[in-house]
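What follows is one structure encoded as structure tokens, with my remarks underneath.
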Amino acid sequence: MTYRAVKVLETVELVLAEDTRTSGVLLKHYGITRPVTPYHQHNEHKVLQHLVQQLQAGKQMALLTDAGTPGVSDPGFLLVRECIRAGVPVECLPGATAFVPALVNSGIPMNRFAFEGFLPPKKGRHTLLTRLAEEDRTMVFYESPHRLVKTLEDFITYFGADRPCCVSRELTKMFEENKRGSLQEVRDYFAEKGVKGEIVMIVEGKNA
């Protein structure tokens with residue numbers, strides 16, 4: 001947290017939180033007592049227009065997500081887009097973003113990279129992976145712990161077992177881990193060990 005972020009949270013009239021329990025721990029740590037309301041992927045369409053109307057009326061709000069920058073594979077994009085359309089000023093306060101330290105930690109070339117976020121679980125997955133098999137830039141993916149091994153197996157099928165990769169887990173947290181190696185080596189490691197936490201996968205591009 002930056003001093004500026006703490007100041008903003010102390011002064012806004014409403015805090016939008018992806019998970020009010022997680023954000024509540026953060027706010028309590030800094031002694032911030034502002035009203036908090038849920039804003040997440042399950043309600044963002046429903047509450048969007050009401051929030052924009054309040055912002056147009058002059059109400060100041062801040063958006064917190066659980067473990068990443070709002071809008072980067074986290075709730076936030078819809079609200080930002082509607083605010084811009086409605087002429088509501090938007091400010092982004094920089095903070096921890098998982099894929100940046102994951103790229104640095106990986107040791108894989110990062111002068112050019114493609115951020116793919118979460119892969120589609122079913123529809124469109126084959127088409128996307130077929131296209132990405134020809135991608136020559138380093139690729140960045142997010143994945144949930146329970147799907148990590150299956151996704152690594154898919155990567156082996158489409159990219160080849162020897163393609164270099166790095167799987168980063170719980171970045172910037174107490175149990176941070178970075179596992180580097182071939183797709184096959186990393187897949188075998190997590191298949192045996194098990195997986196917990198927030199996951200970022202870095203995969204070297206074709207012919208890198």
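Treat the numbers as computed from the prediction; the structure is a model and nothing was measured. These numbers come from the heavy atoms of this one structure, side chains and all, not from hydrogens, waters or symmetry mates.
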Distance-only, no hydrogens or angles: does the R180 side chain make a donor-acceptor pair with backbone N or O of C165 under 3.5 Å? no
Is it the case that the side chain of E176 and the backbone of T172 share a donor-acceptor pair, with hydrogens and angles ignored and the cut-off at 3.5 Å? yes
If Ile, Leu, Val, Met, Phe, Trp and Tyr residues are connected whenever their side-chain heavy atoms lie under 4.5 Å apart, and connections chain through other members, are [X] and [Y] in the same group?
| X | Y | answer |
| --- | --- | --- |
| L128 | F159 | yes |
| Y158 | L148 | yes |
| L26 | L14 | no |
| L171 | M1 | no |

Are the charged groups of [X] and [Y] less than 4.0 angstrom apart, N to O?
| X | Y | answer |
| --- | --- | --- |
| E91 | R4 | yes |
| E177 | R169 | yes |
| E82 | R85 | yes |
| E134 | K206 | yes |

Under the salt bridge (charged side-chain N to carboxylate O under 4.0 Å, His left out) test, which residues partner D66, sequence neighbours left out? none
Just jot down the salt bridge (charged side-chain N to carboxylate O under 4.0 Å, His left out) partners of R81, sequence neighbours excluded, or say none. none
Please check if any side-chain donor atom of N178 sits under 3.5 Å from a side-chain acceptor atom of S168, or the reverse.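 Note: N178 and S168 side chains meet the donor-acceptor criterion.
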Whether the E143 and T151 side chains hold a donor-acceptor pair (N or O, under 3.5 Å, no angle test) is what I'd like checked. yes
Could you check, using the six-membered ring where one of them is a Trp, whether F141 and F155 have ring centers closer than 6.0 angstrom?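 When the ring centroids of F141 and F155 are compared, they turn out to be within the sub-6.0 Å range.
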In this structure, is the centre-to-centre distance between the rings of F115 and Y142 below 6.0 Å?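 Y142 vs F115: aromatic centres under 6.0 Å.
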If you define the side chain from C-beta out and look only at heavy atoms, does anything of I202 sit under 4.5 Å from M139?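 Not in contact.
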